[in-house]
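The structure appears below as structure tokens.
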Amino acid sequence: MPKGAEVTRFAPSPTGFLHIGGLFAAFVSERAAHTTGGVFYLRIEDTDKKREVENGVTGIVKGIRDFGIKIDEGMISETESTGDYAPYIQSKRAEIYRTYCKGLVEKGLAYPCFCTAEELQAVREEQEKNKENPGYYGKYAKCRNLTFEQIEEKIKNGEPYVVRLKSPGDENKRVSFEDGIKGKIEIPENILDVVLLKTDGIPTYHFAHAVDDHLMGTTYVIRGDEWISSIPIHLQLFEVLGFETPKYAHISPIMKEDEETHGKRKLSKRKDPEAAVSYYHEVGYPNKAVLEYLFTIANSNYEQWRLDNPDLHMGEFKFEFSHMSKAGALFDLVKLTDISKTYISKLNTDEVFEQVMAWAKEYNKDFYETLIKDPDYSKSIFAIERGNEKPRKDIAKWEDTPEYTRYFFERPEKYEFPENLSNDDMIQILEEYKKVYNHNDISDDWFPKVRDMSEALGYAKAPKFYKKNPEQYKGHVGDVSSVIRVAATGRRNTPDLYQILQVLGKDEVMTRFDLAINKLKED
RNA sequence: AGCGGUAUCGUCUAGUGGUUAGGACGGGAGAUUCUCAUUCUCCAAACAGGGGUUCAAUUCCCCUUACCGCCGCCA
């Protein structure tokens with residue numbers, strides 16, 4: 001590996017649920033590794049059996065991969081991994097932790113503790129009453145000074161126990177470390193005899209973190225900032241284990257404004273659908289757009305870079321911790337929408353079609369069937385005004401497309417005809433237009449024809465003429481084309497009408513005009 | 001309670017011991033346009049409060065406040 005290369009990792013629990021904040025952390029870690037020529041790996045922290053979900057690894061691997069985040073080593077599926085430091089799943093590493101733990105006990109740096117949950121609870125209550133700091137330490141650490149004989153006997157009696165660190169900390173001393181994002185942080189030393197190995201022999205996060213990140217060669221630990229408070233524990237663990245400490249960078253969580261309190265709060269798995277990465281997939285925000293958005297909150301100079309380099313791949317942007325925000329950003333769906341619209345507007349027709357199909361296949365089967373029936377026709381819809389110098393920005397997510405394209409697949413049931421014209425006027429316009437309509441007209445000839453016809457029927461050729469002398473006209477060309485537009489699509493607002501008529505095809509256009517005329521006659 | 005962290009337009013942020021405090025999203029107005037969407041122009045919009053230090057503080061220091069974390073055999 002090149003000099004300065006960082007080894008980073010993403011280490012989630014196998015809940016199958018990928019939080020947007022988790023994706024963010026994974027993304028930042030991946031950038032940190034790959035912009036330095038290093039390695040990014042995936043480790044699964046399944047030390048809490050209660051959290052586990054069947055096939056939970058798959059969901060996470062897929063979630064990350066879908067976003068184009070490359071995992072170099074570690075878990076690559078539910079059971080498989082690649083890389084030199086396997087196993088990458090903590091439940092399979094029990095022996096390793098036990099060995100290190102045993103070493104600590106032998107050196108007198110850790111000890112078994114037989115306290116029950118009830119006893120610990122009682123201690124906590126007492127501490128609370130005395131307004132002391134809670135925790136297992138000092139005089140409250142009852143098992144700290146058990147004799148060898150006492151321990152032996154309890155074990156022989158089959159009493160369950162955990163292994164605790166015999167913390168060498170001094171509450172009057174402080175430790176300091178340099179955080180990659182937050183800068184220098186100083187905190188009192190850890191004095192808690194934290195649990196290393198739980199009753200079931202599985203390590204706690206703290207212990208597993210120290211052992212694994214050491215063994216797996218992590219150089220830069222990137223994780224949520226809720227871990228900052230645990231830093232003294234971790235530093236102490238590295239010290240007693242005789243390991244070199246990695247660098248740390250603590251990321252602020254992605255927040256959301258709470259409707260009730262108006263305060264900030266973390267995006268919540270339970271309350272906020274947009275907390276789940278799968279949400280973006282479901283509604284069809286392109287992965288690249290989501291990543292692009294994440295990048296704007298990861299590095300504050302990214303937006304300017306994007307403005308300066310609209311066509312470069314985002315991988316070319318140089319990610320740096322120094323440009324990361326110290327505070328937690330509020331998640332802004334509106335901004336995501338804007339980024340997504342811009343992104344989609346730049347895709348070519350085939351790309352759009354491909355992505356729409358991929359989305360529809362999974363989340364809107366009917367629409368998928370509709371599109372697949374005649375792929376060329378479907379593509380021609382998405383081709384409308386695409387590739388222009390100033391492309392339209394009206395699709396934010398694939399979920400928008402069924403409604404956006406509906407009138408191409410269904411004849412109008414309702415017509416939003418303009419109110420300022422009488423039915424007879426509109427019938428006249430349509431009848432007349434049927435006569436002059438030539439499906440083979442090119443785009444440049446098409447609109448002048450509508451203008452000429454408007455004039456012949458007593459409408460102003462252009463809105464400005466009408467505005468000058470409204471009493472001279474029945475309306476203007478806008479009213480006329482409106483009638484044609486509504487007759488063809490049912491809607492008042494659509495993209496370029498010429499292109500729409502071209503896509504619909506001559507026969508269909510004529511049929512729709514007739515249907516509209518009949519409808520107007522009925523009313 | 002204690003221990004940490006954070007604080008610039010509504011949002012994401014840039015920035016500096018002396019600036020008309022900059023940009024992006026969103027909002028408003030106008031222009032372009034057959035509608036809509038684009039595009040373009042313009043506008044409104046911020047240094048949490050109080051003390052210091054200094055000729056000068058949004059910037060440095062302290063306090064307060066607010067918000068966020070953490071205090072588990074969860075991670």
Side-chain angles (χ1 to χ4, degrees), chain A residues 11-13 15 45-48 50-51 113 115-117 120-121 124 128 131-136 160-164 174 179 182-183 185-188 192 194-200 202-206 208-209 223-232 250 252-253 255 257 261-266 293 296-297 299-304 306-307 323 325-339 341 345 385 388-395 416 418 447 450-451 454 461-463 476-486 489 491-498:
Chain A
S13 299
T15 56
E45 312 221 323
D46 58 343
T47 56
D48 184 7
K50 291 188 287 294
R51 290 188 166 210
C113 166
C115 290
T116 61
L120 294 173
Q121 179 61 26
R124 219 168 294 139
E128 211 165 297
K131 304 210 159 149
E132 290 174 298
N133 288 335
Y136 204 81
Y161 65 93
V162 300
V163 180
R164 287 182 184 272
R174 296 167 74 79
D179 187 273
K182 315 242 181 199
I185 296 178
E186 215 182 81
I187 315 180
L192 264 27
V194 291
V195 173
L196 267 23
L197 245 37
K198 303 183 237 180
T199 309
D200 55 9
I202 291 175
T204 56
Y205 171 88
H206 307 300
H209 154 52
R223 45 146 53 165
D225 71 358
E226 68 272 21
W227 291 110
I228 289 180
S229 306
S230 312
I231 275 279
H250 289 93
S252 309
M255 316 287 280
E257 184 179 330
T261 64
H262 290 283
K264 283 184 178 183
R265 59 154 222 260
K266 263 184 167 176
Y293 172 65
T296 66
I297 51 179
N299 263 194
S300 49
N301 52 331
Y302 181 80
E303 258 187 287
Q304 188 56 48
R306 177 47 85 205
L307 239 39
H323 287 113
S325 169
K326 293 183 185 192
L330 238 37
F331 193 84
D332 190 349
L333 260 179
V334 177
K335 184 125 185 178
L336 203 213
T337 297
D338 173 68
I339 288 174
K341 279 182 177 175
S345 77
E385 289 187 69
N388 287 5
E389 236 181 286
K390 295 176 268 179
R392 306 181 65 86
K393 289 189 186 176
D394 39 17
I395 302 172
E416 300 172 355
F447 199 64
V450 178
R451 282 196 205 274
S454 300
K461 249 177 137 158
H476 60 77
V477 65
D479 298 316
V480 174
S481 52
S482 240
V483 173
I484 300 169
R485 168 174 282 110
V486 173
T489 68
R491 301 180 187 184
R492 283 189 201 177
N493 302 330
T494 72
D496 186 67
L497 185 52
Y498 171 78

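Chain naming here is simple, since letters A, B, ... match the order of the sequence lines and numbering starts at 1 in each.
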Base contacts versus sugar-phosphate-only contacts with protein, heavy atoms under 4.0 Å: please encode nucleotides 4-17 of chain B as B, S and - from 5' to 3'. SSS----SSSS---
Base versus backbone protein contacts along nucleotides 34-40 of chain B [heavy-atom cut-off under 4.0 Å; B, S, -]: BBBBSS-
With a sphere of 6.0 Å drawn around CD of E416(A), does it hold more than 12 non-hydrogen atoms of other residues, nucleotides or ligands?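 Result for CD/E416(A): enclosed.
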Sort out the partner of [N] for me: Watson-Crick or G-U wobble, both distances under 3.5 Å, none otherwise.
N	result
U16(B)	none
U39(B)	A31(B)
U54(B)	none
C73(B)	none
C9(B)	none
U59(B)	none

Interatomic distance at [atom1], [N] relative to [M], whole Å:
N	M	atom1	value
A1(B)	U65(B)	P	10 Å
C9(B)	G26(B)	C1'	12 Å
A46(B)	G23(B)	C1'	14 Å
A21(B)	U38(B)	C1'	32 Å
C62(B)	C68(B)	P	24 Å
G4(B)	A56(B)	C1'	34 Å
U58(B)	G18(B)	P	11 Å
U8(B)	C70(B)	C1'	28 Å

The criterion is side-chain contact (heavy atoms from CB on, under 4.5 Å); which residues satisfy it with R485(A), sequence neighbours excluded? T489(A), T494(A), L497(A)
Which residues pass the side-chain contact (heavy atoms from CB on, under 4.5 Å) test with E45(A), sequence neighbours left out? A11(A), R43(A), Q90(A), Y205(A)
Could you work out, with ring-ring contact (aromatic ring centres under 6.0 Å, His included) as the rule, every residue matching Y302(A), not counting sequence neighbours?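 Scan of Y302(A) (ring-ring contact (aromatic ring centres under 6.0 Å, His included), adjacent residues dropped) gives F295(A), W305(A), F317(A).
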State the CG-CZ distance between L330(A) and R265(A), to the nearest 0.5 angstrom. 10.0 Å
Are the side chains of [X] and [Y] in touch, meaning some heavy atoms are under 4.5 Å apart?
X	Y	value
T296(A)	I339(A)	yes
I231(A)	H250(A)	yes
V195(A)	Y136(A)	no

Minimum-distance pair of heavy atoms, taken over all atoms of L196(A) and R164(A):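 Distance-wise, the nearest heavy atoms are CD2-C, 4.1 Å.
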Ignoring hydrogens, what is the shortest heavy-atom contact between P463(A) and V477(A)? Give both atom names and the distance.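 So the two residues come closest at CD-CG1, 4.1 Å.
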Could you go through nucleotides 71-75 of chain B and list every protein N or O atom that sits under 3.5 Å from one of its N or O atoms, giving the distance for each pair?
unit_1, atom_1, unit_2, atom_2, d
C73(B), O2, T199(A), N, 2.9
C73(B), O2, T199(A), OG1, 2.7
C73(B), N3, T199(A), OG1, 2.4
C73(B), N4, C115(A), O, 3.2
C74(B), OP2, K198(A), NZ, 2.5
C74(B), O2', D48(A), OD2, 2.7
C74(B), O2', R51(A), NE, 3.4
C74(B), O2, R51(A), NH2, 2.7
A75(B), OP1, T47(A), OG1, 2.6
A75(B), OP1, K198(A), NZ, 2.8
A75(B), OP2, Y205(A), N, 3.3
A75(B), O3', E45(A), OE1, 3.1

What is the distance, to the nearest angstrom, from the CE atom on M255(A) to the P atom on C67(B)? 12 Å
Q304(A) CD to G23(B) P, straight-line distance once rounded to whole Å: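 Answer to the nearest Å: 10 Å.
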Side chain to side chain donor-acceptor pair (under 3.5 Å) between K182(A) and S252(A), intermediate numbers included: CA-CA 9 Å; K182(A) 315 242 181 199; S252(A) 309; 3.1 Å; yes
Main chain of L333(A), side chain of Y293(A): is a donor-acceptor contact present, judged purely on distance under 3.5 Å? no
Residue closer to the 5' end of RNA chain B, D338(A) versus K131(A) (nearest nucleotide):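 The residue closer to the strand's 5' end, by nearest nucleotide, is K131(A).
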